[in-house]
Amino acid sequence: MREAGVKKPNGDSYRRIYVVVSRIPRGRVATYGQVAMLAGLHGRARLVGYALNALSEGSGVPWHRVINARGEISERAGEGPAEVLQRLRLERERVRFDDRGRIALDRLRWRPRSSRRKA
DNA sequence: ATGCTGACTATGT
DNA sequence: TACATAGCCAGCA
């Protein structure tokens, strides 16, 4: 049982995901799993990838701030400019990549107040 | 209905 | 650190 009897239309899931992604501040990143959890979809990280894939260009959703748990940009099927575009957009927000093309998640991961313990 | 695929992750080796 | 597995779930043949 997921959510203990709480009923929720699956179509609503994408919308929730977009809302969460839209909250990620500039210069910060979040992982697919993290977005899923914040959207009330714990354990359904793949769904986040699905939702972002369905996004259109002028959606205004900062999809480029979502990366995988290893701190890398996930590769899409086939080859496309999306991955390169994602890195360029992040670098423009001053997000740095190391030699292996990874981001220092410990340092740049977005920590919303709701999941932040007192300093 | 079944089976496969995919912008994923946690865990074990 | 890297690879293999199992779990995950929507969309499509």
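Chain letters run A, B, ... following the sequence lines, proteins first and then strands; every chain starts at 1. Just so it is clear, the model here is predicted, and its values are computed rather than measured.
- Contacts between residues 22-34 of chain A and DNA chain B, defined by a heavy-atom separation below 4.0 Å, involve A/Thr31, A/Tyr32, A/Gly33, listed by number.
- Summarising the geometry, the separation between CD on A/Glu75 and P on B/dG6 is reported as 13 Å, rounded to the nearest angstrom.
- Nucleotides B/dA7 and C/dG7, compared at atom P, are 22 Å apart to the nearest Å.
- For A/Ala54, the side-chain contact (heavy atoms from CB on, under 4.5 Å) test picks out A/Tyr14, A/Tyr18, with sequence neighbours left out.
- The heavy-atom pair separating A/Trp110 from A/Ile24 by the smallest distance is CE3-CG1, 3.7 Å.
- Pairing each heavy atom of A/Gln86 with each of A/Ile73, the nearest pair is OE1-CG2, 3.1 Å.
- Across the protein-nucleic acid pair, A/Arg16 atom CZ and C/dC9 atom P stand 14 Å apart, rounded to whole Å.
- Here, C/dA13 and B/dA1 have their C1' atoms 13 Å apart, quoted to the whole Å.
- Rounded to a whole Å, the CG atom of A/Leu90 is 18 Å from the P atom of B/dA7.
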Checklist entry - So A/Val48 and A/Leu41, side-chain contact (heavy atoms from CB on, under 4.5 Å) or not? Walk me through it. => result CA-CA 9 Å; A/Val48 175; A/Leu41 301 167; 5.7 Å; no
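- What separates NE2 of A/His42 from C1' of C/dC9 is a distance of 15 Å, to the nearest Å.
- A/Pro62 pairs with exactly one of A/Leu90, A/Val29, A/Val21 by the side chain to side chain contact (heavy atoms under 4.5 Å, CB included) rule, that one being A/Val21.
- Between A/Arg44 atom CZ and C/dC9 atom C1' the separation is 8 Å, expressed in whole Å.
- Residues passing the side-chain contact (heavy atoms from CB on, under 4.5 Å) test with A/Leu85 are A/Trp63, A/Arg89, sequence neighbours excluded.
- Rounding to whole angstrom units, CG of residue A/Asn68 and P of B/dC8 are separated by 7 Å.
- Comparing C/dC9, B/dA7, B/dT9 by their closest approach to the side chain of A/Ala69 singles out B/dT9.
- Residue A/Arg102 places at least one side-chain N or O closer than 4.0 Å to OP1 or OP2 of C/dT1.
- Within the nucleic acid shown, A/Leu52 comes within 4.0 Å of at least one base atom, counting heavy atoms only.
- Nearest heavy-atom pair across A/Arg23 and A/Pro112 is NH2-CB, 3.8 Å.
- Nearest to the side chain of A/Gln86, among B/dA7, C/dC9, B/dT9, sits B/dA7.
- A straight line from CZ of A/Arg70 to P of B/dT9 spans 8 Å, rounded to a whole angstrom.
- Atom CG in A/Leu55 sits roughly 18 Å away from atom P in C/dA10 (whole-Å rounding).
- Within the 4.0 angstrom heavy-atom criterion, base atoms lie near A/Asn53.
- Regarding contacts with the backbone of C/dC9, every side-chain N or O of A/Arg46 stays at 4.0 angstrom or more from both OP1 and OP2.
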